[in-house]
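Quick one: the structure is below, and I'll ask about it shortly.
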Amino acid sequence: MKRITALFLLYSFAMGFALTGTAVAAGQPLIVGFAQTGAESAWRTANTKSMKDEAAKRGITLKFSDGQGKQENQLSAVKNFIAQHVDAIVIAPVVETGWGPVLKEARDAKIPVIISDRTVKVDDDSLYACFVGSDFKTEGKLVADWLVKQTGGKGRILELQGTPGSAPANDRHSAFANAIATTGLKIIDSQSGDFRRDNGKQVMEAFLKKYKKGDFDIVYAHNDDMALGAIQAIEDAGLKPGKDVLVVSIDGLKEAVQAIVDGKINCVVECNPLAGPVVYDAVQKVVAGQPVPRISYNKDELFDATNAKAAVSTRQY
Ligand code: GZL
C-alpha cells in the first residue's frame with residue numbers, strides 16, 4: 001500500500017511540475033514576489049491595493065516589498081525573492097536602467113519576471129517575460145494634441161516632471177515635446193516634483209516666484225498628484241487654475257476628474273493603475289509555460305469639460 005501511495009505522490013508532483021513548467025507543486029498556491037516602486041502618489045496606492053486584492057482573490061501568496069522610491073530597495077527585494085525560490089517575480093521599476101544584473105540572477109534561478117507599470121531598459125529580451133502597463137508616450141502625445149487643439153498651437157508651458165530617470169517621466173516628456181515641436185507651444189521651464197503632491201505644490205510655488213501672471217499660460221504635470229498640488233499654489237497666489245492658466249495632467253484620479261468638473265483642471269489623460277487582474281493573468285500564463293504578448297498596454301481615456309461630469313462618478317481610484 002505504501003508503495004502505491006509513494007508512487008501516487010511522485011506522479012502528482014511530476015504532473016504539477018509538467019503542467020506549470022516550474023516546480024509549482026500541484027495544488028499549492030502560486031508564490032509571487034512583488035517589488036513595488038513606493039507609495040509616492042494616490043495612483044501608487046490604488047496600484048498596490050489592486051495587486052494585493054487580486055492576489056487574495058486568486059489565492060496567490062503575495063510577498064510584497066515597498067521600494068520607498070529607491071532602486072536599491074527594489075534590487076534587494078528581488079534578490080530576496082530569488083533566495084526564497086518564489087514562482088514568479090513582478091517588478092514596478094522606479095527607474096528604467098540598472099536592472100540587468102538582478103534580472104540575470106532571476107533568469108539563472110529559472111524564476112520568470114514580469115515587468116509591470118514602468119518599463120526597463122535592458123539589452124537582452126530574455127531577461128523578462130513581458131511588460132504589462134500603460135503607454136506613456138501615447139499619454140504625453142494625447143495631452144499635447146489636446147493643447148494644440150485648445151490653444152491653436154500657441155502658449156508658454158511650465159512642466160512638472162515625474163521621478164527623474166523613470167519611464168513615465170522620460171516618455172511623457174519626450175512624446176509631449178515631439179508633439180508640440182512644430183507649433184507655437186513652448187516649454188519655458190521644467191522641474192521634477194517626483195510625482196508627489198507636496199513637491200508639485202512646492203515646484204509651482206517656486207515657478208510663481210520666478211514667473212508672474214502673463215509670463216506663462218499652461219501647466220503640464222506628469223501626474224495628477226503634482227497637478228493638484230500645483231493648483232493649491234496657483235490659488236494661493238490669487239490666480240484661477242483652469243482659467244488664468246490651463247492645467248493639464250495624466251493619471252485620471254477621481255479627484256482630478258472632479259477638478260475638471262470644478263473648472264480647475266482642463267484635461268486629464270488616464271493611466272489605469274488597477275493592474276492586478278492583467279498582471280496575474282500574465283503571471284499565471286508565464287508560470288504555466290503559455291505564450292504571452294511581449295507588451296500589453298492598458299486602454300487609457302482622455303477627460304476634459306466635454307465628458308468629465310458623466311465620468312466622475314464611475315472613477316474607481
Ligand atoms: C504610471 C506610474 C506613475 C503615475 C504616478 O504608470 O508609474 O507613477 O503616473 C505614479 O502617479 O506615481
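Counting starts at 1 for both ligands and their atoms, following the listed order.
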With heavy atoms and a 4.0 Å threshold, my read on which part of Arg172 contacts ligand 1 is side chain
Per-atom filter on ligand 1: closer than 4.0 angstrom to a heavy atom of Glu40 are 8 (O), 10 (C), 12 (O)
among protein heavy atoms, the one nearest atom 1 (C) of ligand 1 is Asp117 OD1, 3.4 Å
- Under 4.0 Å to a heavy atom of Phe136 - the qualifying atoms of ligand 1, by number: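 Atoms satisfying the 4.0 Å criterion: 1 (C), 6 (O).
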Open item on the list: Is Asp251 close enough to touch ligand 1? Criterion: a residue heavy atom under 4.0 Å from a ligand atom.
Closed with: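 Checking ligand 1 against Asp251, which is what was asked, there is a heavy-atom contact under 4.0 Å.
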| Does Gly133 come within less than 4.0 angstrom of ligand 1, counting non-hydrogen atoms of the residue? | no
| message | Does the Lys NZ or Arg CZ of Lys52 fall within the cation-pi geometry relative to Phe64 - under 6.0 Å from the ring centre and within 45° of the axis? | response | yes
Ligand 1 atoms nearer than 4.0 angstrom to some heavy atom of Cys271 are 1 (C), 6 (O)
Flag the pair Lys141 and Asp145 as a salt bridge only when some basic side-chain nitrogen lies within less than 4.0 angstrom of an acidic carboxylate oxygen.
yes
Handout entry: Atoms in ligand 1 with a heavy atom of Arg44 nearer than 4.0 Å
Key =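 It comes down to these atoms of ligand 1: 2 (C), 7 (O), 8 (O), 10 (C).
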*asked:* Show me which atoms of ligand 1 lie under 4.0 Å from any heavy atom of Ser41.
replied: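 Within the 4.0 Å cut-off of Ser41, ligand 1 contributes 5 (C), 10 (C), 11 (O), 12 (O).
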How far is atom 3 (C) of ligand 1 from its nearest protein heavy atom, and which residue and atom is that?
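Nearest protein contact, heavy atoms only, for atom 3 (C) of ligand 1 is Arg118 NH2, 3.7 Å.
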ask   = Is the closest heavy-atom distance from Glu139 to ligand 1 below 4.0 Å?
value =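 Glu139 does not count as a contact of ligand 1 under the 4.0 Å cut-off.
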| query | Does NZ or CZ of Arg294 fall inside the cone over Tyr128's six-membered ring, less than 6.0 Å from its centre and within 45° of the axis? | reply |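 Relative to the ring axis of Tyr128, which defines the angle, Arg294 lies inside both limits.
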May I ask you to decide whether Glu96 forms a salt bridge with Arg118, counting only side-chain N to carboxylate O separations under 4.0 Å?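 Here Glu96 does not pair with Arg118 in a salt bridge, since their nearest N and O are not under 4.0 Å apart.
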Do Arg315 and Gln258 have side-chain N/O donor and acceptor atoms under 3.5 Å apart?
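Judged by distance alone, the side chains do not pair up.
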(Q) Side chains of Gln161 and Ser190: any donor to acceptor distance under 3.5 Å? (A)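 Yes, because at least one side-chain N or O of Ser190 sits under 3.5 Å from a partner of the opposite role on Gln161.
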Q: Report the relative orientation of the aromatic rings in His222 and His173; use parallel for angles under 30°, tilted for 30 to 60°, perpendicular for over 60°.
A: tilted
d(Glu159 CD, Ile218 CD1) to nearest 0.5 Å is 12.0 Å
Return yes when Pro168 approaches ligand 1 closer than 4.0 angstrom through a heavy atom, no otherwise.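 Right, Pro168 reaches ligand 1.
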